[in-house]
Amino acid sequence: MPLMYVLKNMEIEGINIDVEALNKFGGELNEDLIRLKSEIIEAAGEDFNLDSPRQLGTILFEKMQISSKAKKTKTGQYATSEDVLQKHEKDHPIVGDILEYRQLKKLKSTYVDPLPELCDPVDGRIHTSFMQTVTATGRLSSNNPNLQNIPIRTAKGREIRKAFVPRDNSHQLMAVDYSQIELRIIAALSDDKSMIEAFKNGIDIHTATASKVFHTPVDTITREQRSQAKAVNFGIIYGQSAFGLAQNLNISRKEAKQIIDSYFEEYPTIKKYMENVVAEAREQGYVKTVLNRRRYLPDINSTNAIVRGYAERNAINAPIQGSAADVIKVAMVAVQKEMFERGLKSKMILQVHDELIFEVAKGELEQLTELVRKEMGGAYPLKAPLDVNVGVGKSWDEAAH
DNA sequence: AATTTCACG
DNA sequence: ACGTACGTGAAATTA
């Protein structure tokens with residue numbers, strides 16, 4: 001209920017975008033898309049709707065027969081999703097072009113074209129809606145437009161984030177995100193002493209995990225080992241299997257199983273915690289977050305192993321994802337209150353699950369940085385300390401670095 | 001309205 | 001043999 005007022009203010013405040021920059025980028029995307037499309041149609045030997053997965057599947061796997069190992073979706077169509085197409089990139093040069101076409105088309109049709117149209121006629125800003133009663137875990141969701149999935153992972157995607165800018169030269173954007181909040185929560189909830197200690201000492205958690213899992217000193221950990229340990233740390237939060245880890249890391253199932261077994265030997269309290277939370281779900285019919293938000297899991301005792309497995313992964317994940325959502329909500333209420341009491345002109349304008357975005361008025365940067373660090377970092381003390389990263393810049397992209 | 005794909009944490 | 005990591009929203013096609 002208190003958060004409702006905070007969300008109302010963020011929705012009304014909105015965020016400014018550089019429409020000219022987006023339109024220019026849209027023109028560049030258009031040229032690339034036209035070129036890619038004509039190359040693909042030429043290689044296919046006939047015109048078809050490239051935006052139709054069904055037509056694309058027929059062209060690739062029946063007409064062109066680029067591979068005999070076509071995969072089908074559950075409704076019997078040829079699967080053409082990114083992970084499937086990536087496996088066929090070596091089979092024909094057209095596949096790489098299709099993947100690039102898909103990426104650029106997504107950026108243009110979902111962000112570059114619609115966003116300028118959504119600027120409010122009165123203040124010229126973009127106003128999202130934050131929903132508090134949609135998700136199963138207690139996270140917020142954002143719609144109309146969704147400002148929680150603005151691209152960042154690719155260079156072309158970041159062009160869109162660069163177009164989210166302050167209202168004028170006397171403001172900057174500030175992005176503040178929680179560092180590894182879900183891993184800190186699993187460390188705290190399971191009371192794993194070694195993981196808590198690593199967070200207390202500010203040690204790189206993925207390197208520390210790699211050292212444990214591979215039984216080698218921290219200073220000898222390779223990039224590959226750190227990257228694998230990172231994948232395991234994330235997989236754990238979701239109840240991932242050896243199969244899933246193997247697929248993610250492109251290693252054999254046997255190797256994946258060895259890594260997971262070693263992980264649980266080194267972090268026995270985390271293994272115990274995961275077993276306990278599943279047992280709790282079986283007994284109570286629900287699991288809960290640090291603030292007692294419940295997720296009911298009616299399938300937890302299902303005789304169907306697949307259905308039951310899904311519920312068990314939900315039982316593991318929901319308290320972690322949901323507690324992180326609790327923490328940032330408490331922080332948002334505290335930050336808003338403190339900003340009001342100090343009479344600041346700066347505004348909190350967006351939330352993206354583990355980060356808050358502010359439009360900072362010139363002269364308030366130092367004070368706001370201190371305020372936000374204090375309120376976010378201390379929102380809900382856990383056995384593992386919370387930590388935040390602060391970034392500032394002339395665009396959301398710059399601030400997020 | 002359902003399906004497929006893909007953008008984010 | 002089964003299916004295999006959680007949570008969302010939007011665009012486009014198809015039924």
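Throughout, protein chains are lettered first and strands after them, A, B, ... in sequence-line order, and every chain is numbered starting at 1.
Judged by atom type and distance alone, A:Asn149 reaches the base of B:dA7 through a side-chain donor-acceptor pair under 3.5 Å. Taking only distance into account, the side chain of A:Gln321 meets the base of C:dC6 through a donor-acceptor pair shorter than 3.5 Å. The base of C:dG7 does not come close enough to the side chain of A:Arg313 for any donor and acceptor atom to sit less than 3.5 Å apart.
No donor-acceptor distance shorter than 3.5 angstrom exists from the side chain of A:Ser211 to the backbone of A:Thr207, with no hydrogens or angles considered.
The only member of A:Ile15, A:Val360, A:Leu173, A:Asn16 that meets side chain to side chain contact (heavy atoms under 4.5 Å, CB included) when paired with A:Pro166 is A:Leu173.
A donor-acceptor contact closer than 3.5 angstrom links the side chains of A:Asp168 and A:Ser170. With 3.5 Å as the limit, one finds no donor-acceptor pair spanning the side chains of A:Ser302 and A:Tyr310. Checked by atom type, the side-chain pair A:Ser52/A:Asn49 shows no donor-acceptor distance below 3.5 Å. Between the side chains of A:Asp192 and A:Ser190, no donor-acceptor pair of N or O atoms lies under 3.5 Å. A:Asp191 and A:Tyr273 share no donor-acceptor pair across their side chains, judged by distance under 3.5 Å alone.
In this structure, A:Arg102 reaches the B:dC6 phosphate: one of its side-chain N or O atoms is under 4.0 Å from OP1 or OP2. Under 4.0 angstrom from either OP1 or OP2 of C:dA5 there lies at least one side-chain N or O belonging to A:Ser241. Between A:Tyr310 and C:dG7 there is a side-chain N or O to OP1 or OP2 distance below 4.0 Å. Applying the 4.0 Å criterion to OP1 and OP2 of C:dT14, one finds that A:Ser52 has a side-chain N or O inside that range. Put simply, A:Arg54 has no side-chain N or O that comes within less than 4.0 Å of OP1 or OP2 on B:dT3. OP1 and OP2 of B:dA2 both lie 4.0 Å or more from every side-chain N or O belonging to A:Thr75. Not one side-chain nitrogen or oxygen of A:Gln247 sits closer than 4.0 Å to the OP1 or OP2 atom of C:dG3.
Taking only side-chain atoms of A:Arg139, from C-beta outward, the nucleotide of B:dG9, C:dT8, C:dA5 with the closest atom is B:dG9. Taking the side chain of A:Gln77 as heavy atoms from C-beta on, and the options B:dT4, C:dA12, C:dG7, the nearest nucleotide is B:dT4. Side-chain proximity of A:Phe243 to the nucleotides C:dA11, C:dT4, B:dC8 is greatest for C:dT4. Distance from the side chain of A:Pro53 is smallest for B:dT4 among the nucleotides B:dT4, B:dC8, C:dT14. Between C:dA10, C:dA5, C:dC6, one nucleotide has an atom nearer to the side chain of A:Asn314 than all others, and that is C:dC6. Among the nucleotides C:dG9, B:dT4, B:dG9, the one closest to any side-chain atom of A:His353 is B:dG9. Comparing C:dG9, B:dA7, C:dA12 against the side chain of A:Ser109 picks out C:dA12 as the nearest. The nucleotide whose nearest atom lies closest to any side-chain atom of A:Ser81 is, among C:dT13, B:dT5, C:dG9, B:dT5. For A:Gln55, counting side-chain heavy atoms from C-beta on, the closest listed nucleotide (C:dG7, C:dT14, B:dC8) is C:dT14. Taking only side-chain atoms of A:Glu82, from C-beta outward, the nucleotide of C:dC2, C:dG9, B:dA7 with the closest atom is B:dA7.
Contact annotation for A:Ile152: backbone-only contact, meaning every heavy-atom pair under 4.0 Å involves sugar-phosphate atoms and none involves a base. A:Thr110 comes within contact range of the sugar-phosphate backbone alone, with a heavy-atom separation under 4.0 Å but no base atom that close. Among the heavy atoms of the strands lying under 4.0 Å from A:Asn144 are primed sugar atoms or P, OP1, OP2 only; no base atom is included. Residue-level contact check: A:Gly235 touches the bases, meaning some heavy atom is under 4.0 Å from a base atom. Contacts of A:Ile150 with the nucleic acid, taken as non-hydrogen atoms under 4.0 Å apart, involve only primed sugar atoms and P, OP1 or OP2. At a threshold of 4.0 angstrom between heavy atoms, the contacts of A:Glu182 with the nucleic acid are absent. Counting non-hydrogen atoms under 4.0 angstrom, A:Ala79 reaches the backbone sugars and phosphates but no base. Within the nucleic acid shown, A:Ala318 has no heavy atom closer than 4.0 Å to any nucleic acid atom.
Atom CZ in A:Arg158 sits about 11 Å away from atom P in B:dC8, given to the nearest Å. Here B:dC6 presents its C1' atom at 15 Å from CG of A:Leu56, a figure rounded to the nearest Å. Whole-Å rounding puts the A:Asn317 CG to C:dC6 C1' distance at 4 Å.
Taking a 6.0 Å sphere around NZ of A:Lys63, one finds it holds more than 12 heavy atoms contributed by other residues, nucleotides or ligands.
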Dot-bracket encoding of pairs in DNA chain C, which uses [ ] for pseudoknotted crossings and | for another strand, Watson-Crick or G-U under 3.5 angstrom: .....|||||||||.
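Going from the P atom of B:dT4 to that of C:dT4 covers 14 Å, rounded to whole Å.
Taking the nucleotide of DNA chain C with the nearest heavy atom to each of A:Arg295 and A:Asn49, the more 5' of the two is matched to A:Arg295.
Taking the ring axis of A:Tyr78 as reference, the NZ or CZ atom of A:Lys71 does not stay both within 45° of it and closer than 6.0 Å to the ring centre.
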